[in-house]
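Small disclaimer: the values here were computed from a predicted structure and weren't measured.
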Amino acid sequence: MLPDRRNFVTIPAPTDVHAAWLPEEAFRPVGTRRTLVLADGLLAETVRAEVAAACARYGGSVRQQAGGGEFDLVLALSTAEQPVEVAPGECGAEGFALAHRDGVTVVVADEPAGLLYGLFHVVRLGESAFGAERPVEWHRPATPRRMLGHWDNVDPHPVMGQVERGYAGGSIFWRDGGPRGDLARVRAYARLLAACGVNAVGVNNVNVHATEAHLLTDRLGDVAAIADVLRPYGIAVHLSVNFAAPIALGGLPTADPLDADVRTWWARTTEQVYAAIPDFGGYVVKADSEGQPGPFAYGRTHADGANMLADALAPHGGVVCWRAFVYNHRQDWRDRSTDRARAAYDHFAPLDGRFRDNAILQVKHGPMDFQTREPVSPMIAAMPSTALAVELQVTQEYTGQQRHVCYLPAMWSEVLGFRPWGRDGRSVADVAAGGGLVAVSNAGDDPYWTGHPLAQANLYAFGRLAWAPRLDPAAVLDEWIGLTFAAGDPERLRGPLHAMMDGSWRTYERYTAPLGVGFMVRPGHHYGPDVDGYEYTPWGTYHFADRDGVGVDRTRASGTGFTGQYPEPWSEVYESLEECPDELLLFFHHVPYGHVLHDGSTVIQHIYDTHFQGAEEAEQTRLLWEKLAGAVDPALHARVRERLDEQVRCAGEWRDQVNAYFFRKSGVPDARGRRIP
């Protein structure tokens, strides 16, 4: 039985935060209509409250009974009498049907969650939802779990701060060792997430420190308070937990997943969690990775560890999201046989079929660490008998840290559409349909949520692609523009913003690490160029540049054998120097600087050309934005301009450092005679 806490309606909207893609003006088409809501329950109350607020602003009306009037918009459960024929069970738990006929727009759903998503879809459509006849459209989410993970610390970390890899201020949940208590901000965040399709949130860092560990037990009330505010928008709370919690919190001498006392402790603790949060989503675990405790300490496997937690969660309907980001971070840089890219597959592929049904293996989309360009992780094809969730990174750790414009859905779309088994096989999106799509959030307590106002588009688009992975990223960006700037003149903005953002991921790629080689960033904070920053460290992130060439040999014939982790045809494509895609060449092969790419350019000339081109494109982006002065709020324009100034500066630094480095290594001058420092 869920707690019936409906105070969310009375929590005032924050006045010090940007409305993002839910400005009041976006609700005008709904707010001017006569609306009927035929549903009961907490989420139905949310639907009614959203419509009522819009009608109060724009003169429309909302009713809960069908008799005595005509309506322009009907939102109804499939069990109620409704103007279209939708039988119960056709929509699913979160889906909805949409139609417009005889002057009435109808949204029908099996559950109130579907009505909530349907309402926000009508808001996206704007006036077009009430225009021409529209036959019945079915909208069902492609993935069951569309989750944002917050790497937020309750206690500020001495190095990582309040939010690890956060580039938008502090946490919206925590501050200085305790809860922020700012429920209005959390409620506004819940609205934004529901409006783009997100249905789950992890509220603390996967690197669980001492204070955060207590959220599982004596500080559980802090998590329950967050869950109360997220619940009316259909968002379930997940909690990152410390694998060694039975020792740290329970006083046991061991955390061995096969120990009976340990298993009893987890079962009893999990029961207490569900007593406080009946719709709790489950646990997130980072184990045996980068210093976090795990089952290896007891000679157990990751399946043993995950299954222990899955068994504790199963009676309550919860899941454990077990991260596959496990590798040796104390490598000997002299040893070229060790390959960090191999690690996840080597650890987990032999365990396929040994995980419980409610244990979800959470796999980063690439084999390394959210680089600007990586191949799709071979893990995604390696475990057909295990539920997998694919993990993306919305926060721009390696893609400009929300100081640079970098519209990531173009990358995500390539990843989700990739077919590991070849043209006729399943896609990454198909695999994710079994476990979900997860991303590291980029939101913080900055007035613009994401630091860079244009980075909001990445957060919005994650939810949309998690719901419908085959959406065109440019079309999703167009939605975001139309909603975010609804109060102004979105038509004036569409052209310039598409020109600035559609290709911005590739612009960023051009002026940073070339041809898939990755990791040429400053160690620690990962911002800005440092070509040899990680080259002689234990982290396993190398490019092996010397006077003769650059790149990592990951072939079976002469390298680490990583190409053999892929099924055909990709194992052969990546093995072949002739067939390997240029954009991934240096990820899979060590080649001379004079190696000729498919476009006829040499590797060294490609490095020069792309870095000059990328820096020039960053300058063009700034010029486009300057021309929009007066078309957007002055404060927002100033914030974006300040970020673009930094992007132009940093892109020039990338260009000069990378080009100078490879000129000095290779001794080959730029064929176009441009100045290289």
[X] vs [Y] side-chain heavy atoms within contact, under 4.5 Å:
X: Y345; Y: F562; result: no
X: S571; Y: R556; result: yes
X: S240; Y: V285; result: no
X: V552; Y: F588; result: no
X: P409; Y: N458; result: yes
X: L459; Y: W480; result: no
X: F348; Y: M379; result: yes
X: V603; Y: P592; result: no

| Where do D553 and H590 land on the side-chain hydrogen bond (donor to acceptor under 3.5 Å, both in side chains) test, with the steps shown first? | CA-CA 5 Å; D553 185 353; H590 186 88; over 6 Å; no
| query | Can Y661 and D532 be said to form a side-chain hydrogen bond (donor to acceptor under 3.5 Å, both in side chains), step by step? | reply | CA-CA 9 Å; Y661 178 93; D532 275 343; 2.9 Å; yes
Examine distances only and state if a side-chain atom of [X] and a backbone atom of [Y] form a donor-acceptor pair shorter than 3.5 Å.
X: W505; Y: T372; value: yes
X: Q565; Y: R342; value: yes
X: Y608; Y: A671; value: no
X: Y407; Y: P473; value: yes
X: R494; Y: D478; value: yes
X: D582; Y: H598; value: yes
X: Q402; Y: T450; value: yes

| query | Mind checking whether H637 and W625 have parallel, tilted or perpendicular rings, split at 30° and 60°? | reply | parallel
Is a side-chain donor-acceptor pair under 3.5 Å present for [Y] with [X]?
X: N153; Y: H157; result: no
X: E164; Y: N205; result: yes
X: Q401; Y: Q396; result: no
X: Q292; Y: N242; result: no
X: D599; Y: S601; result: no
X: S171; Y: D152; result: yes
X: Q620; Y: E616; result: no
X: H302; Y: W322; result: yes

| request: Assess whether ring pair (Phe, Tyr, Trp, His ring centres under 6.0 Å) is satisfied between Y536 and W333, documenting all intermediate values. | output: CA-CA 6 Å; Y536 307 103; W333 60 268; 5.0 Å; yes
| field | CA sep, side-chain torsions, deciding dist, call: V201, F173, side chain to side chain contact (heavy atoms under 4.5 Å, CB included) | value | CA-CA 11 Å; V201 166; F173 303 122; 4.1 Å; yes
| request: Give a yes or no on this: more than 12 heavy atoms of other residues, nucleotides or ligands lie within 6.0 Å of atom CZ of R522. | output: yes
Taking the six-membered ring for Trp, are the ring centroids of [X] and [Y] within less than 6.0 Å of each other?
X: Y398; Y: H526; value: yes
X: F462; Y: Y460; value: no
X: Y534; Y: H543; value: no
X: F519; Y: W539; value: no
X: Y511; Y: H611; value: no
X: Y189; Y: H150; value: yes

| Pair E509-R373, salt bridge (Lys or Arg N to Asp or Glu O under 4.0 Å): steps then yes or no | CA-CA 7 Å; E509 180 182 24; R373 174 79 69 171; 2.8 Å; yes
| Pick from R672, R510, R655: which one makes a salt bridge (Lys or Arg N to Asp or Glu O under 4.0 Å) with D609? | R672
| request: Please assess H347 against F296 for the test ring pair (Phe, Tyr, Trp, His ring centres under 6.0 Å), listing each intermediate value before the final yes or no. | output: CA-CA 11 Å; H347 282 303; F296 285 175; 5.5 Å; yes
Check [Y] with [X], please: is the shortest side-chain N to carboxylate O separation under 4.0 Å?
X: E414; Y: R506; answer: yes
X: R165; Y: E397; answer: yes
X: E642; Y: R403; answer: no
X: D645; Y: R649; answer: no
X: R554; Y: D339; answer: yes
X: D445; Y: R180; answer: yes
X: R622; Y: E619; answer: no

| query | Hey, mind stepping through D546 and K665 against salt bridge (Lys or Arg N to Asp or Glu O under 4.0 Å) and telling me if it holds? | reply | CA-CA 6 Å; D546 54 29; K665 282 283 186 182; over 6 Å; no
| task | Run the numbers on Y527 and H404 for ring pair (Phe, Tyr, Trp, His ring centres under 6.0 Å), then give the verdict. | result | CA-CA 11 Å; Y527 184 76; H404 297 223; 5.6 Å; yes
| Verdict with supporting geometry, W21 and L192, side chain to side chain contact (heavy atoms under 4.5 Å, CB included) | CA-CA 7 Å; W21 51 89; L192 291 174; 3.6 Å; yes
| field | Check against salt bridge (Lys or Arg N to Asp or Glu O under 4.0 Å), R340 and D369 | value | CA-CA 10 Å; R340 172 171 165 174; D369 191 14; 3.8 Å; yes
| message | Please evaluate residues N204 and E212 with respect to the criterion side-chain hydrogen bond (donor to acceptor under 3.5 Å, both in side chains), reporting the C-alpha separation (whole Å), side-chain torsions for both, the decisive distance (0.1 Å), and the verdict. | response | CA-CA 7 Å; N204 65 307; E212 292 81 39; over 6 Å; no
| request: In sequence, state the C-alpha distance, the side-chain angles, and the governing distance for E290 and H329, and then conclude on side-chain hydrogen bond (donor to acceptor under 3.5 Å, both in side chains). | output: CA-CA 6 Å; E290 299 181 331; H329 69 290; over 6 Å; no
